[in-house]
Amino acid sequence: MNMSAVIQTETLQMSGFLHFITHPNQGLRRWKSAEETTKNNMLTSTYNTNAQVPDSAGTATAYLCGVKANEGTVGVSAAAVKSQCNTTRGNEVTSILKWAKDAGKSVGIVTTTRVNHATPSAAYAHCVDRDWYSDGDMPAEALQSGCKDIARQLFENIPDIDVIMGGGRRNMYPRNTPDVEYPGDKKHNGTRKDGRNLVGEWTDRMKDKRGYYVWNRKDLFSLNPNNVDYLLGLFEPADLPYELERNKETDPSLTEMVDVAIKILRKNERGFYLLVEGGRIDHGHHDGKAKQALHEAVEMDRAITRAGLLTSIYDTLTVVTADHSHVFSFGGYTHRGNSIFGLAPIMSDIDQKPFTSILYGNGPGFKFVNGARENVSTVDYEQNNYQAQAAVPLSMETHGGEDVAIFSKGPLAHLLHGVQEQHYIPHVMAYAACIGQNKGHCHTNSGSPSLSHISPTLALLLSIKWLLC
């Protein structure tokens, strides 16, 4: 089967994602010329329509739906106003995941966050507030006006998404329902006010369609992907744990989830689309925990490598990028061989104290001791949850506003070059995969496939949160 893949990731200051999209084999040829199969880099502008420094909801809408949007909104245009339910209708926009599904491809979502978090939700939901995870998180007026929570939209807007893996169990169950993994911990109980069991409803709908629900790593690996057509994997009540803290017996890694997802989706001869997000890179940076964030980025790199082994540059468009950056830096004139989590080789010439080579512009790592900057040589600055020094005190570190990089390889990767707006990305992917509205280049006047512009059989999009998220 020919394939085309797109991977988008976050590098040291970013957040990212990955796509795959496939087409029928009939009439396709492999991409071999230098013009058709390339490796390219570019920069993309990440601002939201109402924000210089963006959030993950507005940026996800841009790189998945192809339109710029307001901060805090998913799957709606900039005409929709955050948290105002009555501005939703008529302003919905669809994503490349839906374009692929409408073209007959299998589609999937893999994330290390909740499956109804900002990035994955833009692939299927239309919501003016990214925090409306379940109806238990919504104001009464929004519910009365007919707006739906994001978890509900996951199963109703595109009811046959083939693969869904990540966290978010508690948003799928009625309020006070004990969690299957943590039955004694009330903070993990179900949150739904409407009394619906969305997992049970999905299971009933898929029982005759080779559909399986799993909530732990053991059950995931008990499945033979060749015998699975639909998979719902919810491995935690909320987000998955950081990779450094992952229970390797109960929670799969991002790489393992990507491996299973591709093996299930690629059975479709018409191809597939897969969105993969390494979302906890972003969370590590927000927490000021650089070591957690960077190890999440390493795991995302492993996932990209695994996806590459399951695809081919000749028929897989791979795009790696980020939704935004973070105010994260690495400096201090450190010597080669110095630990990235170590100290700079010089003292401050102002307060004569040492400082770490990793620093944040703002965040929870700002610490004063007895009216002066903390002496970091007296603390364990290499432990997993050390909060790196920050210039401005905030309970949560912020995103950055600079352009982020996109790395691509495969068919038509040359279209991702220069400096572009973020919403350009899904249009390139759709053009390469011959899905969506613009398909005139896919066939000659006779109706046969064009040799100069032929759609790849598979397109993959991997969304990952990388080092600087």
Side-chain angles (χ1 to χ4, degrees), residues 4-21 35-71 74-75 77-78 93-97 99-100 118-119 122-123 273 275 277 304 316-326 399-439 441 453 455-456 459-466 468-469:
S4 161
V6 181
I7 299 183
Q8 182 159 359
T9 74
E10 290 197 59
T11 58
L12 284 185
Q13 330 188 56
M14 312 176 191
S15 165
F17 64 88
L18 163 69
H19 307 244
F20 288 93
I21 300 177
E35 293 122 4
E36 294 168 327
T37 303
T38 60
K39 293 183 178 180
N40 260 53
N41 300 332
M42 66 174 277
L43 294 176
T44 182
S45 300
T46 65
Y47 61 89
N48 298 149
T49 51
N50 64 343
Q52 291 177 328
V53 177
D55 92 311
S56 296
T59 52
T61 301
Y63 65 65
L64 292 175
C65 302
V67 297
K68 287 278 189 179
N70 290 326
E71 176 268 333
V74 293
S77 71
V93 293
T94 57
S95 75
I96 189 169
L97 183 142
W99 308 341
T119 292
Y273 167 91
L275 168 66
E277 180 200 21
I304 296 171
T316 299
L317 173 60
T318 301
V319 180
V320 177
T321 187
D323 51 359
H324 54 71
S325 70
H326 280 257
H399 296 165
E402 63 266 42
D403 294 351
V404 299
I406 296 181
F407 308 95
S408 60
K409 65 177 182 178
L412 301 191
H414 66 281
L415 296 176
L416 292 164
H417 69 283
V419 180
Q420 302 285 353
E421 293 291 347
Q422 194 170 40
H423 61 280
Y424 173 71
I425 297 167
H427 296 294
V428 170
M429 294 167 49
Y431 184 89
C434 283
I435 63 173
Q437 294 182 335
N438 183 8
K439 298 190 289 286
H441 61 290
H453 294 95
S455 62
L460 162 70
L461 164 62
L462 177 58
S463 166
I464 61 182
K465 306 267 184 182
W466 262 54
L468 300 183
C469 308

Participant: To the nearest 0.5 Å, what is the distance between CG (Leu43) and CD1 (Ile406)?
Facilitator: 8.5 Å
Participant: Quick check: closest heavy atoms across Gly400 and Pro54, and the distance to 0.1 Å?
Facilitator: O-CD, 3.7 Å
Participant: From the options Val404, Thr119, Asp323, select the one residue that forms a side-chain contact (heavy atoms from CB on, under 4.5 Å) with Thr59.
Facilitator: Asp323
Participant: Enter the distance from Thr44:OG1 to Ile425:CD1 here, rounded to the nearest 0.5 Å.
Facilitator: 4.5 Å
Participant: Taking all non-hydrogen atoms of both residues, which atom of Val67 and which atom of His423 are closest, and how far apart?
Facilitator: N-CB, 3.6 Å
Participant: Which atom names give the shortest non-hydrogen contact between Ala123 and Ser95, and what distance separates them?
Facilitator: O-OG, 2.6 Å
Participant: Any donor-acceptor pair under 3.5 Å linking the side chain of His441 with the backbone of Tyr431?
Facilitator: yes
Participant: Of the non-hydrogen atoms in Gly401 and Ser325, which two are nearest, and what is the gap between them?
Facilitator: N-OG, 3.8 Å
Participant: If you round to the nearest 0.5 Å, how far is OG of Ser56 from CD of Glu71?
Facilitator: 10.0 Å
Participant: Which residues pass the side chain to side chain donor-acceptor pair (under 3.5 Å) test with Asn48, not counting sequence neighbours?
Facilitator: none
Participant: Holding to side chain to side chain donor-acceptor pair (under 3.5 Å), I want the full list of residues that pass it with Asp55, two or more places apart in sequence or in another chain.
Facilitator: Arg130
Participant: Residues two or more places apart in sequence or in another chain: which of them pass side-chain contact (heavy atoms from CB on, under 4.5 Å) with Tyr424?
Facilitator: Met42, Leu415, Leu416, Gln420, Val428
Participant: Could you list the residues that satisfy side-chain contact (heavy atoms from CB on, under 4.5 Å) with Asn41, not counting sequence neighbours?
Facilitator: Phe407
Participant: Sorted by first residue and then second, give each salt bridge (charged side-chain N to carboxylate O under 4.0 Å, His left out) pair with at least one member in residues 415-431; sequence neighbours left out.
Facilitator: Lys68-Glu421
Participant: What are the two closest non-hydrogen atoms of Asn70 and Ala78, and how far apart are they?
Facilitator: ND2-O, 3.0 Å
Participant: In chain order, what residues pass the side-chain contact (heavy atoms from CB on, under 4.5 Å) check against Ala122, with sequence neighbours excluded?
Facilitator: Ala60, Thr61, Leu64, Val74
Participant: Using modelled atom types and a 3.5 Å cut-off, is there a donor and acceptor pairing between side-chain atoms of His427 and backbone atoms of Gly66?
Facilitator: yes
Participant: Does His399 reach the main-chain N or O of Val53 with its side chain, forming a donor-acceptor pair under 3.5 Å?
Facilitator: no
Participant: How long is the span from the CH2 atom in Trp99 to the CD1 atom in Ile435, to the nearest 0.5 Å?
Facilitator: 7.0 Å
Participant: Using only atom types and a distance under 3.5 Å, with no angle test, would you say the side chain of Thr49 pairs donor to acceptor with the backbone of Ala69?
Facilitator: yes
